[in-house]
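Taking it in order: structure first as structure tokens, then the write-up.
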Amino acid sequence: MKLISIIGNGPFQVLRATTELGKKIDISLRYIQQQRGWFISFTYGDFTARGIRVVTGDNFIHKFKNLVPFGFSCVTEINEEPMLLEDFSSGRAKIYLLNESEVKAFDEVISGQATA
């Protein structure tokens, strides 16, 4: 897991992350006050996903596992959803970029194929 540490305190942010293989992921994060939450959009190569709510958990973009070789995980201090504008800038919430093997391990756990 690689911490995406460049998240600031603005309600709209454009970021870039890099996979382990050096491929770029263009990311935008938007805080929507009426929804009391953060939403992520990203582009990887020719694939774009928009408006995905950031929720706590292991891979909140799991539904795209066959389209992108990475995932995103959000961790918060008290296991609540990131609901405040300052959640990422204060460190209360963190987003991690998962590599392909971490995504596969998560998929094995939720499908019941993981071994102890």
Side-chain angles (χ1 to χ4, degrees):
M1 290 192 314
K2 177 178 162 184
L3 176 64
I4 299 176
S5 60
I6 53 176
I7 302 173
N9 62 357
F12 181 72
Q13 300 178 49
V14 177
L15 316 166
R16 177 170 274 176
T18 307
T19 68
E20 286 183 336
L21 300 175
K23 297 198 176 191
K24 306 294 184 206
I25 308 165
D26 293 317
I27 301 168
S28 66
L29 278 171
R30 182 178 303 272
Y31 179 76
I32 300 177
Q33 186 169 349
Q34 295 86 344
Q35 298 287 323
R36 291 198 60 187
W38 284 91
F39 294 81
I40 192 169
S41 298
F42 66 91
T43 298
Y44 176 77
D46 293 335
F47 179 77
T48 298
R50 292 186 176 89
I52 302 158
R53 188 174 190 110
V54 176
V55 295
T56 56
D58 289 328
N59 184 8
F60 62 83
I61 64 164
H62 174 73
K63 63 184 172 186
F64 302 117
K65 69 178 183 164
N66 295 323
L67 300 169
V68 295
F70 59 87
F72 292 115
S73 175
C74 179
V75 177
T76 59
E77 288 178 349
I78 55 174
N79 205 26
E80 290 182 346
E81 309 302 330
M83 298 184 298
L84 304 173
L85 176 62
E86 60 275 352
D87 278 346
F88 293 108
S89 62
S90 72
R92 188 181 89 77
K94 294 177 171 79
I95 294 180
Y96 293 90
L97 177 64
L98 306 174
N99 65 31
E100 194 168 2
S101 63
E102 291 163 335
V103 169
K104 183 179 178 189
F106 170 72
D107 189 42
E108 289 173 356
V109 168
I110 64 169
S111 69
Q113 297 174 0
T115 57

Would you say Glu81 has more than 12 foreign heavy atoms packed within less than 6.0 Å of its CD?
yes
Assigning hydrophobic clusters by single linkage (Ile, Leu, Val, Met, Phe, Trp, Tyr; side-chain heavy-atom cutoff under 4.5 Å), is Val103 placed with Leu67?
no
So which heavy atom on Leu97 is nearest to which on Glu102, and how close?
O-OE1, 4.2 Å
Under a 4.5 Å side-chain heavy-atom rule over Ile, Leu, Val, Met, Phe, Trp and Tyr, are Ile52 and Ile95 clustered together?
yes
Going by the salt bridge (charged side-chain N to carboxylate O under 4.0 Å, His left out) test, which pairs reach into residues 89-99, not counting sequence neighbours?
Asp87-Arg92
Which atom pairs, donor and acceptor, lie under 3.5 Å between side-chain atoms of residues 6-16 and protein residues at least two apart or in another chain?
residue : atom : partner : partner atom : Å
Gln13   : OE1  : Gly8    : N            : 2.6
Gln13   : NE2  : Gly8    : O            : 3.1
Gln13   : NE2  : Gly10   : O            : 2.8
Arg16   : NE   : Asp26   : OD1          : 2.8
Arg16   : NH2  : Asp26   : OD1          : 2.8
Arg16   : NH2  : Asp26   : OD2          : 3.4

Taking the side chain as C-beta and beyond, is there a heavy-atom pair between Thr18 and Lys24 under 4.5 Å?
yes
Paired with Tyr96, the side-chain contact (heavy atoms from CB on, under 4.5 Å) test is passed by just one of Asp58, Leu3, Asn59, namely Leu3
So Val54 and Leu29, do their side chains get closer than 4.5 Å, heavy atoms only?
yes
Donor-acceptor pair, Thr56 side chain versus Cys74 backbone, under 3.5 Å?
no
Out of curiosity, does Phe70 fall in the hydrophobic cluster containing Phe47 (side-chain heavy atoms, cut-off under 4.5 Å, transitive links)?
yes
In terms of hydrophobic clustering (I, L, V, M, F, W, Y; side-chain heavy atoms under 4.5 Å; direct or indirect links), are Phe60 and Phe64 co-clustered?
yes
For a quick test of your reading: what N or O donor-acceptor pairs under 3.5 Å do the side chains of residues 32-46 make, sequence neighbours left out?
residue : atom : partner : partner atom : Å
Trp38   : NE1  : Leu84   : O            : 3.0
Ser41   : OG   : Gly51   : N            : 3.0
Thr43   : OG1  : Thr48   : OG1          : 3.0

Any chain of hydrophobic side-chain contacts (each under 4.5 Å) joining Ile25 to Val68?
yes
How long is the span from the CD1 atom in Ile27 to the CD1 atom in Ile4, to the nearest 0.5 Å?
4.0 Å
